[in-house]
**Q** 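Okay, here's the structure, questions in a sec.
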Amino acid sequence: MTQVTMTVNGKSMSGDVEGRTLLAQFLRDDMGLTGTHIGCDTSQCGACVVHVNGEAVKACTMFAVEANGATVDTIEGQANADGSLNVIQQAFQDYHGLQCGFCTPGMVMSAAALLKENSKPTEAEIRHYLDGNICRCTGYHNIVKAIMAASGQDVPAVAAE
Amino acid sequence: MPKDGGIGASSKRREDVRFLTGNGKYTDDINMRGQAYVHFLRSDIAHGKITSVDISGAEGMPGVVKVFTGSDFEGVGGMPCGWQVTDKHGQPMQEPPHPILAQGKVRHVGEPIAAVVAETYAQARDAAEAIVVDIDELPAVVDMKAAVKDGAPKVHDDLTSNLCYDWGFVEENKDAVNKAFDDAAHVTTLELVNNRLVANPMEPRVALGDYDRSGDESTLYTTSQNPHVIRLLMGAFVLGIPEHKLRVVAPDVGGGFGTKIFHYQEEAFCTFAAKACNRPVKWTSTRSEAFMSDAHGRDHVTKIELALDGDNNFTAIRTDTYANMGAYLSTFAPSVPTWLHGTLMAGNYKTPLIYVNVKAVFTNTVPVDAYRGAGRPEATFQLERLVDKAAHELGVDPIALRRQNFVTEFPYATPVAVEYDTGDYNATMDKLEEMSDRAGFEARRKESEAKGKLRGFGVNAYIEACGIAPSNLVGQLGARAGLYESATVRVNATGGLVVMTGSHSHGQGHETSFAQVVAEMIGIDEGMVEIVHGDTARTPMGMGTYGSRSIAVGGSAMVRATEKIIAKAKKIASHLLEASEGDIELKDGAFSVAGTDKSVAWGDVTLAAYVPHNYPLDDIEPGLEETAFYDPANFTYPAGAYACEVELDPETGQVTIERFSAADDFGNVINPMIVEGQVHGGLAQGIGQALLENCAYDSDGQLLSASYMDYAMPRAADLPMYQVDHSCQTPCTHNPLGVKGCGEAGAIGSPPAVINAVLDAMRSGGHDIGHIDMPVSPGRVWAAMHGGN
């Protein structure tokens with residue numbers, strides 16, 4: 001076992017992990033941050049996307065020991081300081097960009113990373129960027145709209161097209 | 001003006017806040033003190049005789065609590081099947097035993113042979129590596145037609161053959177149907193495959209069993225669409241636990257799409273093992289395990305024929321289908337190719353004579369059961385491909401041929417035993433032609449051609465049947481369950497309501513839309529209504545969510561219970577207002593005496609019910625809580641018309657969806673935002689089936705598509721923005737909300753539109769190939785256009 005320490009959502013967190021422990025397992029099982037989801041075992045689905053030192057990372061594809069000393073941001077740390085939904089989260093609710101909610105944490109974290117790189121992405125750019133995030137419920141339509149709306153672009157209101 | 005609350009409002013979903021902040025509570029998020037973990041050792045051989053299972057090497061491994069094999073379950077029941085189909089000779093289907101852990105033989109890759117319970121998941125997995133299993137491999141049967149030939153290897157030695165049943169529907173019509181084909185002016189014939197799919201909800205299945213010795217009580221937390229059904233099946237038929245000693249909880253569930261309806265071995269195992277090990281036992285499926293243990297969907301091979309008279313009227317339909325059951329009968333598998341498929345073969349058309357034959361076949365593959373649409377997509381795909389083919393053979397417009405044969409008078413009794421209560425198929429087709437801008441298609445085709453691409457336009461109609469019912473009818477058809485739904489409405493003293501529903505939400509947004517209905521009925525704010533679901537200890541016995549039944553059946557139960565609440569509250573109000581009960585009106589959350597300004601607020605009445613100082617105690621009991629069970633009189637019949645426009649690259653065979661339009665008639669709509677979201681998701685799954693998805697086995701029964709590296713899930717860039725419309729509304733005539741259900745329509749209606757469009761594009765390039773099977777991968781399209789393989 002190795003002790004790792006990382007700053008998760010602004011707080012210092014430590015735990016003892018095996019070499020094989022994945023960052024996703026460490027966050028869920030050791031830190032109790034169950035908002036990061038595990039939907040596959042081949043790094044395809046993206047339900048586990050978190051930010052490590054500001055970069056979007058699939059937490060199932062990184063060992064916990066690799067994140068020792070890093071700054072990690074998860075879905076639990078995304079809301080505004082007063083607890084209200086942040087701009088991206090609010091847009092997902094406003095545009096019905098989620099149904100069962102299981103892929104949602106990864107979608108929100110990927111969307112945040114996209115908007116940091118590209119503040120006004122086109123529909124095609126959003127779809128391309130989400131290649132590593134699978135949603136089985138929404139057919140992506142409303143996720144794309146939510147991300148466009150979160151970036152301040154004009155999007156028709158939900159159920160009003 | 002859009003409403004800002006109640007029925008018809010696009011209320012934002014209240015459940016979203018917890019999902020968006022990482023505060024959802026899915027089964028895998030639940031961890032219990034002292035919890036152990038189980039790993040299942042699964043067969044990597046499709047068919048074989050187990051000669052020995054040596055667990056001695058695993059038992060002493062670090063952290064191992066206990067190792068289980070089939071012999072630990074000899075006194076325990078097998079997995080039950082919930083539907084018995086009777087074949088065309090009046091005989092019951094062949095129903096083989098379905099063990100929790102393999103007994104004597106393995107029959108599909110992924111079948112659990114042994115289970116290791118250990119302190120950690122990694123230790124359980126490590127120890128499973130030390131189990132030595134000897135299997136004498138037997139020839140596997142994968143192809144259905146080969147499986148029913150004389151001399152084929154038998155999946156189940158004790159059955160007479162691999163044929164589960166040979167079903168004829170309606171058997172009495174067979175001769176008349178054959179005569180209609182003899183007399184036909186034209187016959188169109190089509191052979192096709194409805195490809196095997198894997199439902200793939202993003203949350204893999206999870207089961208957590210717990211046993212409380214103090215009260216001899218078992219609890220199962222599980223990823224289920226119907227916790228009461230699991231409690232009944234597992235308690236009564238598998239483990240012998242009475243319902244009052246068994247609680248099943250399905251908390252937040254990350255998508256279902258049918259595959260979380262069924263009772264699975266892992267649920268029974270964890271409940272059993274928690275008692276045997278005297279500690280909680282948890283199983284979390286990996287995605288790779290999900291591919292080889294979740295029930296699959298579709299997998300039909302069909303020949304269908306259409307007879308037409310000299311005026312292009314449909315006179316008869318005849319079908320011959322092989323339906324794959326896999327190695328064992330999953331919970332509702334036998335019903336899918338029969339009562340959920342044969343009864344829909346009339347589609348939207350007034351064809352007077354229909355005969356459906358279905359042979360259900362055992363093979364050495366994962367069990368196949370209901371997946372979004374369940375039988376209805378298979379019926380729709382056959383029929384709508386066939387009608388399109390007929391139109392091209394006859395040289396008539398595909399939409400005109402459909403309109404000519406549409407059912408236009410309701411109620412309409414089909415020759416396949418169901419009665420459509422209402423509909424307007426021309427209205428949805430009119431809407432579709434407008435939305436899809438069919439008139440502008442030729443110009444768009446020219447633009448594509450200028451880029452060296454082919455462009456095609458495909459259309460289809462569809463009908464589906466939701467809220468399968470009534471119970472006494474489905475019992476006659478072989479269901480071993482009722483198909484009602486329940487609701488308890490509990491009004492609290494200060495006026496808030498808790499609605500405990502037997503329906504289950506796993507993405508559908510019931511917590512929001514169900515609250516809209518009750519709030520509208522009473523005239524109060526939606527925020528005063530809380531919806532509770534997914535826990536047998538908190539909800540009345542209910543059948544759960546599948547088959548687009550929740551609002552039509554569960555919503556109706558909730559309406560009936562709320563009506564009882566309102567009736568009792570009016571009695572209390574009449575007492576408080578010293579007026580006749582018949583004069584009391586409820587509006588905007590207040591009771592008033594008709595024609596006066598006397599009124600009493602909702603909260604005053606509810607308080608009186610629980611603090612009955614001034615109360616008609618001689619007349620009625622205190623309290624305000626009512627339960628209703630609703631058993632529908634008929635199915636509901638959503639219907640509509642879909643159009644797809646594709647671009648096809650003749651150099652590569654790559655197909656892209658350029659436009660997709662869906663005009664649906666769902667009857668009345670509670671929350672348009674949620675309804676549109678349901679259609680979007682269904683379309684993505686239907687387009688996924690048509691373009692991308694295929695669950696493939698090799699001839700030895702090895703599963704080739706066993707991860708997201710091999711099974712092509714639709715990604716964002718594979719799909720277009722959809723145009724959807726539900727403004728054509730013919731309300732259901734037999735439920736109190738006039739609703740029909742919207743969950744499956746997209747998946748039912750979209751595959752034929754895509755394939756019809758692809759074939760249209762190919763024809764425009766001079767390749768009139770008649771049919772192409774799904775998925776239309778670039779290789780398959782290119783080969784079809786160039787005559788290769």
Side-chain angles (χ1 to χ4, degrees), chain A residues 18 20-21 28-29 32-42 44-45 47 74-79 83 85 89-90 92-94 96-105 108 123-124 126-145 157-161, chain B residues 2 10 12-13 15-26 28-29 31 122 199-204 252-257 284 286-288 506-509 671-685 687 707-709 713-717 719 721-724 746:
Chain A
E18 290 185 85
R20 62 183 168 184
T21 304
R28 287 182 57 79
D29 300 341
L33 295 170
T34 55
T36 297
H37 294 157
I38 299 174
C40 77
D41 45 12
T42 51
Q44 296 281 306
C45 83
T74 73
I75 189 69
E76 286 90 346
Q78 295 300 298
L85 299 179
Q89 290 168 317
Q90 189 59 58
F92 269 69
Q93 186 186 32
D94 290 346
H96 191 28
L98 66 154
Q99 290 181 25
C100 82
F102 196 81
C103 77
T104 306
V108 169
E123 180 198 332
I126 294 169
R127 289 182 183 275
H128 177 72
Y129 194 89
L130 294 181
D131 195 53
N133 290 81
I134 304 176
C135 171
R136 193 57 153 170
C137 292
T138 65
Y140 303 101
H141 182 111
N142 285 340
I143 292 176
V144 172
K145 281 176 63 174
V158 72
E161 295 163 282
Chain B
S10 284
K12 289 179 194 173
R13 298 199 330 166
E15 44 272 83
D16 288 358
V17 175
R18 68 176 187 271
F19 295 145
L20 282 160
T21 53
N23 289 304
K25 192 174 191 184
Y26 300 87
D28 193 45
D29 301 339
N31 292 297
N200 273 304
M202 292 317 298
E203 177 205 30
D252 285 331
V253 172
F257 313 118
T284 302
T286 63
R287 182 59 59 185
S288 300
H506 31 279
Q508 296 89 340
N671 183 319
M673 175 191 82
I674 289 177
V675 165
E676 292 188 5
Q678 290 292 305
V679 176
H680 294 162
L683 293 177
Q685 291 182 5
I687 294 169
S707 79
Y708 288 155
M709 309 290 278
M713 290 284 280
R715 314 266 173 150
L719 296 165
M721 300 303 273
Y722 318 100
Q723 294 174 282
V724 299

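All chains are named by letter (A, B, ...) in the order of the sequence lines, taking the proteins before the strands, and each is independently numbered beginning at 1. Because the structure is predicted, anything quoted here is derived from the model rather than measured.
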**Q** Heavy-atom distances under 4.5 Å only: say whether B:Val253 touches chain A with side chain, backbone, both or neither.
**A**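 Looking at B:Val253, just its backbone touches chain A.
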**Q** So B:Thr21 and A:Ile75, do their side chains get closer than 4.5 Å, heavy atoms only?
**A**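 No, too far: nothing below the 4.5 Å cut-off.
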**Q** Relative to chain A, which segment of B:Leu683 carries a heavy atom at a distance below 4.5 Å: side chain, backbone, both, or neither?
**A**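 For B:Leu683, no heavy atom lies under 4.5 Å from chain A.
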**Q** Given side chains that start at C-beta, do those of B:Met713 and A:Gln44 come closer than 4.5 Å, heavy atoms only?
**A**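 No; the side chains remain at least 4.5 Å from each other.
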**Q** Using non-hydrogen atoms and a 4.5 Å limit, figure out which bit of B:Asn31 sits close to chain A: side chain, backbone, both or neither.
**A**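 Neither part.
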**Q** Sort B:Tyr708 into side chain, backbone, both or neither according to what part of it lies under 4.5 angstrom from a heavy atom of chain A.
**A**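 Both parts, backbone and side chain.
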**Q** Which of the residues A:Phe92, A:Tyr129, A:Phe102 is involved in the greatest number of heavy-atom pairs with chain B at under 4.5 angstrom?
**A**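 Option with the top pair count is A:Phe102.
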**Q** I'd like to know which of B:Met709, B:Arg18, B:Gln508, B:Lys25 tops the heavy-atom pair count under 4.5 Å against chain A.
**A**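 Result: the option with the highest number of such pairs is B:Met709.
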**Q** Please round to the nearest 0.5 Å and tell me the distance separating atom CG of A:Asp94 and atom CE of B:Met673.
**A**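 It comes to 9.0 Å.
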**Q** Determine the option with the most heavy-atom pairs under 4.5 angstrom with chain B, choosing from A:Cys137, A:Gly101, A:Gly39.
**A**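 Looking at each of A:Cys137, A:Gly101, A:Gly39 in turn, A:Gly39 comes out on top.
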**Q** Of B:Glu15, B:His680, B:His506, B:Gln678, which is the lone residue that meets side chain to side chain contact (heavy atoms under 4.5 Å, CB included) with A:Gln99?
**A**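 Looking at B:Glu15, B:His680, B:His506, B:Gln678, the match for A:Gln99 under the side chain to side chain contact (heavy atoms under 4.5 Å, CB included) is B:Gln678.
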**Q** Output yes when a side-chain donor or acceptor of A:Gln93 lies under 3.5 Å from a complementary backbone atom of B:Asp16, and no otherwise.
**A**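 Absent.
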**Q** Please state whether the side chain, the backbone, both or neither of A:Ile38 comes within less than 4.5 Å of a heavy atom of chain B.
**A**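 Looking at A:Ile38, just its backbone touches chain B.
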**Q** Nearest heavy-atom pair of B:Ala684 and A:Gly139: which atoms, and what distance?
**A**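 Minimum heavy-atom contact is CB-CA, 3.4 Å.
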**Q** With the side chain counted from C-beta on, respond yes when B:Glu203 and A:His37 share a heavy-atom pair under 4.5 Å apart, and no when they do not.
**A**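 Answer no - side chains too far apart.
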**Q** A side-chain contact here means heavy atoms from C-beta on lying under 4.5 Å apart; do B:Arg715 and A:Ile134 qualify?
**A**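 When only atoms from C-beta onward are counted, A:Ile134 and B:Arg715 do touch, with a gap below 4.5 Å.
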**Q** Under a 4.5 Å heavy-atom cut-off, does chain A meet the side chain of B:Met202, its backbone, both or neither?
**A**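 When you check distances to chain A, atoms from both the backbone and side chain of B:Met202 fall under 4.5 Å.
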**Q** Answer whether the closest heavy-atom distance between the side chains of B:Leu719 and A:Arg127 falls below 4.5 Å.
**A**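 Yes; the side chains approach each other to less than 4.5 Å.
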**Q** Grab the two heavy atoms, one from A:Arg136 and one from B:Asn200, that are nearest each other, plus how far apart they are.
**A**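 Taking A:Arg136 first and B:Asn200 second, the nearest heavy atoms are CG-O, 3.3 Å.
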**Q** What part of B:Ala199 gets closer than 4.5 Å to chain A, counting heavy atoms only: side chain, backbone, both or neither?
**A**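 Just its backbone gets close to chain A.
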**Q** Given that the side chain runs from C-beta out, which part of A:Gln78 has a heavy atom under 4.5 Å from chain B: side chain, backbone, both or neither?
**A**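 Interface part for A:Gln78: neither.
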**Q** Under 4.5 Å from any heavy atom of chain A, what part of B:Ser288 do you find: side chain, backbone, both or neither?
**A**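 Contact with chain A: backbone and side chain both.
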**Q** What part of A:Leu98 gets closer than 4.5 Å to chain B, counting heavy atoms only: side chain, backbone, both or neither?
**A**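 Both backbone and side chain.
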**Q** Between atom OH of B:Tyr26 and atom SG of A:Cys100, what is the distance when rounded to the nearest 0.5 Å?
**A**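 So the OH of B:Tyr26 and the SG of A:Cys100 are separated by 5.5 Å.
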**Q** Select one option (side chain, backbone, both, neither) describing which atoms of A:Thr42 are under 4.5 Å from chain B's heavy atoms.
**A**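 Answer is both: backbone and side chain atoms of A:Thr42 are under 4.5 Å from chain B.
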**Q** Can you tell me which portion of B:Asp28 sits under 4.5 Å from chain A's heavy atoms? Options are side chain, backbone, both or neither.
**A**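 Looking at B:Asp28, backbone and side chain both touch chain A.
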**Q** Determine the option with the most heavy-atom pairs under 4.5 angstrom with chain A, choosing from B:Gly256, B:Gly24, B:Gly254.
**A**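 Greatest number of close heavy-atom pairs with chain A: B:Gly254.
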**Q** Got a donor-acceptor contact below 3.5 angstrom from the A:His96 side chain to the B:Gly677 backbone?
**A**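 No, because the side chain of A:His96 does not come within donor-acceptor range (under 3.5 Å) of the backbone of B:Gly677.
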**Q** Determine the option with the most heavy-atom pairs under 4.5 angstrom with chain B, choosing from A:His128, A:Glu76, A:Arg28.
**A**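 Answer, by heavy-atom pair count under 4.5 Å with chain B: A:Arg28.
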**Q** Please rank A:Asp29, A:Thr138, A:Ile143 by heavy-atom pairs under 4.5 Å with chain B and give me the top one.
**A**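 Highest number of pairs under 4.5 Å: A:Thr138.
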**Q** Pick whichever of B:Ser707, B:Pro204, B:Gly746 has the most heavy-atom pairs under 4.5 Å with chain A.
**A**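 Maximum pair count with chain A is reached by B:Pro204.
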**Q** A:Thr34, A:Leu85, A:Asp131: which one forms the most heavy-atom pairs within less than 4.5 Å of chain B?
**A**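 The answer is A:Thr34.
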